[in-house]
Amino acid sequence: MKNTSHVMLISFFTNFFLSIVKVIIGFISKSSALVADGIHSFSDLITDVVALFGNVLSRKPEDKEHPFGHGRIEYLTSTMIGIIVIAIGLFLIFSVMQKEVEIPSKIVIVVSLFTIVTKFILSRYLIIKGKEFDNQILIASGKESSTDVISSIVVLVASIVIQLEGYFHPFIYADKIASVIVGIFIIHTGFMILKENVSILIGEKESDTAYYEEVKNTILESKMIRRIDNLIIMKYGYFYSLTVEVSMDFTLSLKEAHDEIEDIENRLKEKNERTRYINIHMNPYYE
């Protein structure tokens with residue numbers, strides 16, 4: 001949790017700095033696209049705040065009303081991030097369409113280049129750390145930041161093209177077109193975040209094949225387990241929930257079977273601290 005919060009704080013202050021720079025320079029230089037890109041960075045800022053809040057709540061231990069803990073708050077938080085991002089994108093497109101055409105100054109080119117480099121480094125950092133900690137909030141925030149890199153490239157191209165409007169008049173609309181494109185990128189990112197996390201909230205099976213094999217092999221280490229009839233792995237935020245059906249020799253006593261299942265559960269938890277909730281059902285095995 002401390003590691004995740006540390007990463008999110010780095011993202012928060014980076015996005016805060018970039019947002020301020022882009023919005024201020026955007027207004028001074030009369031660039032709607034740069035202002036839109038700054039608001040895009042503000043959306044990163046908002047998602048980081050929501051992510052920090054969700055990360056704290058998702059680690060709350062299980063209680064009487066929530067026997068599987070509060071892990072799915074992580075996915076609910078990411079879903080909220082998706083909705084916020086979509087709303088920001090729609091707002092940007094609407095506001096830009098109402099604005100008069102203006103020619104921004106050349107300083108937009110410098111700011112865009114700086115933003116591209118900074119945001120690329122930040123997005124890679126968030127995604128790498130998200131995968132390292134297996135944290136959907138960090139990954140969602142990293143993907144949103146990577147979209148910000150693309151939007152900054154669009155702003156950079158538009159700021160260069162609009163300087164050539166004296167040679168080809170339609171280039172004067174480059175800044176406005178870039179603003180709309182940035183809005184579309186933002187909406188697309190929000191939609192993808194929603195798509196991924198709503199599926200998990202509904203009840204999607206864990207797709208980590210390495211962890212699946214680890215669980216399977218640990219269970220089959222037992223000499224009393226003849227076969228695994230069914231294995232379902234679900235995620236509750238940081239922790240895993242296992243529902244297993246195994247076949248055991250029908251001649252075993254109830255106590256022998258119970259003791260062996262209990263030993264398997266302990267070994268599963270020892271091998272991976274994220275294995276928290278285990279339910280193993282025994283089926284009689286006949287030759």
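The figures that follow rest on heavy atoms only: side chains count, while hydrogens, waters and symmetry mates do not.
Both I280 and I228 belong to a common hydrophobic cluster when Ile, Leu, Val, Met, Phe, Trp and Tyr are linked at side-chain heavy-atom distances under 4.5 angstrom. Hydrophobic cluster membership is shared by L220 and Y240, with clusters built from Ile, Leu, Val, Met, Phe, Trp and Tyr side chains linked at under 4.5 angstrom.
Residues S152 and K22 are in side-chain contact: their nearest non-hydrogen atoms beyond the backbone lie under 4.5 Å apart. The shortest distance between side-chain heavy atoms of K131 and I139 falls below 4.5 Å. Residues I261 and M282 meet the side-chain proximity criterion, which asks for heavy atoms closer than 4.5 Å. In this structure the side chain of F27 reaches within 4.5 angstrom of the side chain of V23, judged on heavy atoms.
Of the residues I162, V111, V108, I25, the one that meets the side chain to side chain contact (heavy atoms under 4.5 Å, CB included) test with S31 is V108.
Using modelled atom types and a 3.5 Å distance limit, the side chains of Y211 and T275 yield a donor-acceptor pair. Judged by distance alone, the side chains of N283 and S247 never bring a donor and an acceptor atom under 3.5 Å apart.
For F168 and F171, the gap between ring centers is short of 6.0 Å.
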Practice task
Go through E132 and K129 one step at a time and tell me if the salt bridge (charged side-chain N to carboxylate O under 4.0 Å, His left out) criterion holds.
Solution key: CA-CA 5 Å; E132 179 183 335; K129 289 299 181 180; 3.4 Å; yes
Exercise for the section: Walk me through it: do S151 and D37 pass the test side chain to side chain donor-acceptor pair (under 3.5 Å)? Expected result: CA-CA 7 Å; S151 67; D37 201 24; 2.8 Å; yes
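Judged purely by atom type and a 3.5 angstrom limit, N272 has no side-chain atom pairing as donor or acceptor with the backbone of L268.
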